[in-house]
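These notes are about the structure you will find just below.
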There are 2 protein chains.
Amino acid sequence: MRSDIKPVRPDRTLLRQAVTDRIKTYIIDNRLRPGDSLPTETELCDALNASRSSLREAIKTLSALDIVEVRHGSGTFVGRLSLSSLVESLTFRGLLSPGDDVRALRDLVDVRQLFEEGMAGRIIDRLDEAHVASLERAAAELERCAPGSAPQIKADRQFHRLLMEPLGNQLVSQLTTAFWDVHAIVAPYLGMSSPQEDAEAMAAHRAMVEAARRRDVDAFAAAVVQHYAPVRRRIAAADPG
Amino acid sequence: MRSDIKPVRPDRTLLRQAVTDRIKTYIIDNRLRPGDSLPTETELCDALNASRSSLREAIKTLSALDIVEVRHGSGTFVGRLSLSSLVESLTFRGLLSPGDDVRALRDLVDVRQLFEEGMAGRIIDRLDEAHVASLERAAAELERCAPGSAPQIKADRQFHRLLMEPLGNQLVSQLTTAFWDVHAIVAPYLGMSSPQEDAEAMAAHRAMVEAARRRDVDAFAAAVVQHYAPVRRRIAAADPG
DNA sequence: GGACATTTGTCCGTATGTATC
DNA sequence: GGATACATACGGACAAATGTC
């Protein structure tokens, strides 16, 4: 009968939920860091009195949040705690309704501009020569590469990431990159950008670097506005309203 | 042999990943909206040539991102696409290292302040009488309720949500609320706030409302700084550096 | 390179709990 | 309450990937 093992579960909560919680507390209580290995599935099943199916479903939930990372044939590890789930969530939202994604993209551009414009003062406060030089290089790379090419896209991502680096705020950096990633996936649905628009963006990047070098906050903020102007025009043009 | 169905999977990708992708495209292609129902597990297994286990693991991944929502005994539905995954991800990060969460919390406060300070101008531009009245009510509720009580906490959440409402930007509103939620979970680890700090926060809320009524952007921004000053002092005090 | 143990990925069958009509 | 439809949970078996000797 084995009635002593698992008589009933008077619990109201789902077993899977309880398992995910216990895995999270396991990581916290044992002071594990990203990359550290977790017990094997069999061991966890034992420890948590759950079947392998339930455990695996719990693991998949944590995996989606990058709290754990599973490697086939190797094991389960603490995840990098990236914002990949935010990216996936927002891109899906943007792709959900092609007619309505103008709104999602407009909201996103607002947020991206908020970050760079709102942080302008603090960025310039903390900027040093090395940072300016890095920005300079990224902007040059951006102008040298072919518009829309993979290296250029990579350089653009790098540029906006470097902008926030002087702040020393990991969350700001990661959010900035996450929003950039979402933008890069959703924006193409507005159609390819024209050469004029590309030139405008280039000029804006250059203006940001120049303003940063001169420690001119207002000029920097103005360059940020200039940078997002082309996308905003496209969004306005596609807006049914 | 049924070799025509799925002879081998030359794919390098995991079946589970393929299933999650196909469910996402199913939702997008069929123009489903949050709350719409999805096929049952059995039907999905059939359609995607996957076993129940694989399908369920895929569903759990999508459920963690609030892309689908599962109701026991009822069925599977399109999720609300909330930012619950962001909240869970960031709270876990904040709780991961009690010694280091000062940094996580400081980063978070920076972002919260960035939103409210950076949006000050636009908020006041679009604010109307009804908005001011709502803020007034929330601030009054905040002062009437006992410090730390559930109604007060709820009122504080509501206040910061209402602040962003005039912008008409759903993403900003949801991010603001998400960051508030994380803050509410992580901040208590710094210890209870003192009556003086509570009074300071109250005064800041009131100052924001007054500044909004007078359309005084600078005063509004100053009130935002004042609002986060107590937490910042606590963070600085707890900072080992 | 090859053999082998370890670990996760996938499948199946069955029983139980839950919501809806 | 009963019947039905559906998700939850269990356990066993084999496949595939990884790492090691």
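Quick caveat, the model's predicted, so the values are computed rather than measured. First the proteins, then the strands, lettered A, B, ... as listed; each starts at 1.
Considering only side-chain atoms of S51(A), the nucleotide from dC10(D), dT7(C), dT10(C) that sits closest is dC10(D). The side chain of R16(B) lies closest to dT10(C) when the candidates are dT10(C), dT8(D), dA9(D). Of the listed nucleotides (dC11(C), dT8(C), dC10(D)), dC11(C) has the atom at the smallest distance from the side chain of S54(B). Closest to the side chain of S53(B), from the set dC11(C), dA7(D), dT8(C), is dC11(C). Side-chain atoms of E41(A) lie closest to dG9(C) of the nucleotides dG9(C), dT8(D), dC10(D). Picking from dT8(D), dC11(C), dT8(C) the nucleotide with the shortest atom distance to the side chain of A50(B) gives dC11(C). Of the listed nucleotides (dA16(D), dA7(D), dT10(C)), dT10(C) has the atom at the smallest distance from the side chain of R56(A).
K60(B) has its NZ atom 9 Å from the P atom of dA7(D), to the nearest Å. One interatomic measurement links the two molecules: CG of L15(B) to C1' of dA17(D), which rounds to 15 Å at whole-angstrom precision. Between the P atom of dG11(D) and the CG atom of D46(A) lies a distance of 11 Å, rounded to the nearest Å. The distance between atom CD of Q17(B) and atom P of dA17(D), rounded to the nearest whole Å, is 16 Å. Residue E69(A) contributes atom CD, which lies 11 Å from atom P of dG9(C) at whole-angstrom precision. One can place CZ of R71(A) at 12 Å from P of dG9(C), the figure rounded to the nearest angstrom. Atom CD1 in I59(B) sits roughly 8 Å away from atom P in dA7(D) (whole-Å rounding). Look at CG on L14(B): it is 19 Å from P on dT7(C), rounded to the nearest Å.
For E141(B), the side-chain hydrogen bond (donor to acceptor under 3.5 Å, both in side chains) partners two or more places apart in sequence, or in a different chain, are R144(B).
A sub-4.0 Å separation between OP1 or OP2 of dT8(C) and a side-chain N or O of T76(A) is present.
The residue among H72(B) and R52(A) whose nearest nucleotide of DNA chain D is located toward the 5' end is H72(B).
The shortest non-hydrogen separation linking C145(B) to P151(B) is SG-CB, 3.8 Å.
With rounding to the nearest 0.5 angstrom, the CG atom of L114(A) is 6.5 Å from the CZ atom of R122(B).
The distance between the ring centers of H183(A) and H160(A) does not fall below 6.0 angstrom.
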- Show your working on side chain to side chain donor-acceptor pair (under 3.5 Å) between R93(A) and Q170(B) and close with a plain yes or no. CA-CA 12 Å; R93(A) 193 194 294 205; Q170(B) 285 183 3; 4.9 Å; no
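Base pairing analysis places dG11(D) opposite dC12(C); the two distances defining the Watson-Crick or G-U wobble pair are each below 3.5 Å.
Looking at heavy-atom distances under 4.0 Å, S74(B) makes contact with sugar-phosphate atoms alone, never a base. Contacts of T42(A) with the nucleic acid, taken as non-hydrogen atoms under 4.0 Å apart, are absent.
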